[in-house]
Amino acid sequence: MSDRAGPVAAAFREWTGRDPEGVWAAPGRVNLIGEHTDYNDGFVLPAAIDRLVLVAAGRRDGGRLRLWSRQAGPPADLELAAVGPGRVEGWAAYPAGVAWALGQAGVELGGADLVVDGDVPAGSGLSSSAALECATATALADLHGAGLDRPALAALARRAENEVVGVPSGAMDQMVSMLGRAGHALFLDTRSLATEQVPLPLEAAGLCLVVLDTRAGHRLVDGAYADRRAACEAAAATLGVAALRDATLAQVEQHRTALGEPGLRRARHVVTENARVLEAVALLRAGELDRLGPLLAASHASLRDDYEVSSPELDTAVAAAVEAGAVGARMTGAGFGGSAIALVPAELASQVGDRAREAFAAAGFGPPEITPVVPSDGARRLA
Ligand code: GLA
């Protein structure tokens, strides 16, 4: 058994009195660029990271789903037939939602015991929820021989998030948690769901990717996220396009009066952010990682000023990273708190951390958590 799988398998034995049939894992993610574009049929460029949610699992008869977590909250014992939208509270909604989505896809579950463990911090903008959903989906699909491929499992995991947890998120997080590849970013077209693994040879470029977790959780994330999504749909309707993916900057400018405020700025963010993703992918394909800085800076400014999803802590983290010599930095994920990422020359990584801690202390914020992350593989069986 791999070292990572040992503790969760031991917890499974302690809580269920038997051995698990296996241990599965799925990673959290950072998004390099392409924020709030995935519910506008747009482009994203995330990478899976070396932070995992692990699920030890075993089948059981009797139609019940029993859930334990080493971190997330109290155990749950649910009747599978009674699980569905609006019917499960708390952390159990994520794994139970996946079980429900598998059932909707025609997979007969019968019953299962799941024990969850992991080191993707919750509420940090690193997609701990998608990691939990994808680890659960991989475990249950494998145990039941569901024969579903990874994009299908990602779609089920997203359905759990949208319909059972109730967050109207896009396709990015579950797709990269399923399809991530070590040393690569995932270029995803969220309309066609076409993907391309784009090499991200950080070490060869002398760079590292640093997460600056502000420890100021996603405040108001649900309401504000749904609000941004609705604003984008309204702007698309005003412009007469199926989704903001189809709009140009010229169109947005031309219809500024009809779009109004803040519709104009919301639409402008999405249109310019999509263009920045395409530019970033072109730079990565050309092996020019060190030229990503201006795109990261423009993305952050657009999220701060036009989309209004940054926070004083995120702005401070980004400014500190750049002052300390980062190639570029920006908030990552939904925003409203959570984490920033910085692309940093390896020899400056500790200075970035020091500068950010100083800046947070000077601003009266609690200390940020600074950790390097490594682009890693997506969901997999560990034992
Ligand atoms: C959250 C959602 C994603 C995406 C990002 C913002 O992480 O789950 O689908 O919309 O916010 O880019």
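Remember, it's 1-based here, ligands and their atoms both numbered in the order they're listed. Counting begins at 1 with the first residue of the sequence.
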Q. What is the closest protein heavy atom to atom 5 (C) of ligand 1, and at what distance does it sit?
A. Met172 CE, 3.8 Å

Q: Please determine if Asp173 has a nitrogen or oxygen closer than 3.5 Å to a nitrogen or oxygen of ligand 1.
A: yes

Q | ligand 1 atoms in contact with Glu35 (distance to a heavy atom under 4.0 Å) | A | 6 (C), 12 (O)

Q. Looking only at N/O atoms, are His36 and ligand 1 under 3.5 Å apart anywhere?
A. yes

**Q.** For Ser169, atoms of ligand 1 separated by under 4.0 Å from a heavy atom
**A.** 2 (C), 8 (O), 9 (O)

Q: Within a distance under 4.0 Å of any heavy atom of Tyr39, pick out the atoms of ligand 1 and give their elements.
A: 10 (O)

Q) Is Thr37 close to ligand 1, meaning an N/O of one under 3.5 Å from an N/O of the other? A) no

Q. Using a heavy-atom cut-off of under 4.0 Å, does the side chain or the backbone of Arg29 touch ligand 1, or both, or neither?
A. side chain

(Q) Looking at Asp246 and Arg191, is there a salt bridge between them, counting it only when a charged N and a carboxylate O are closer than 4.0 Å? (A) yes

Q. Do you see a donor-acceptor pair shorter than 3.5 Å between the side chains of His269 and Asp305?
A. no

Q.
Less than 3.5 Å apart, any donor N or O on the side chain of Ser299 or Arg276 sitting next to an acceptor on the other?
A. no

Q. With only distance considered, is Gly333 within less than 3.5 Å of ligand 1 through an N or O on each side?
A. no

Q: Identify, by atom number and element, the atoms of ligand 1 in contact range of Gly170, meaning under 4.0 Å from any of its heavy atoms.
A: 9 (O)

Q. Parallel, tilted or perpendicular for Tyr225 and Tyr39, by the 30°/60° rule?
A. perpendicular

Q | Side-chain donor-acceptor contact under 3.5 Å, Ser124 with Asp213 | A | yes

Run the side-chain donor-acceptor check on residues 80-92: report pairs under 3.5 Å with partners two or more places apart or on a different chain.
| from | atom 1 | to | atom 2 | distance (Å) |
| --- | --- | --- | --- | --- |
| Arg87 | NH1 | Ala82 | O | 2.9 |
| Trp91 | NE1 | Pro74 | O | 2.8 |

(Q) I need the nearest protein heavy-atom contact for atom 3 (C) of ligand 1: residue, atom name and distance, please. (A) Asp38 OD2, 3.3 Å

Q: Kindly write out the residues that satisfy salt bridge (charged side-chain N to carboxylate O under 4.0 Å, His left out) with Arg150, not counting sequence neighbours, or none if the list is empty.
A: none

Q. With a 3.5 Å cut-off and no angle check, do the side chains of Ser310 and Asp315 form a donor-acceptor pair?
A. yes

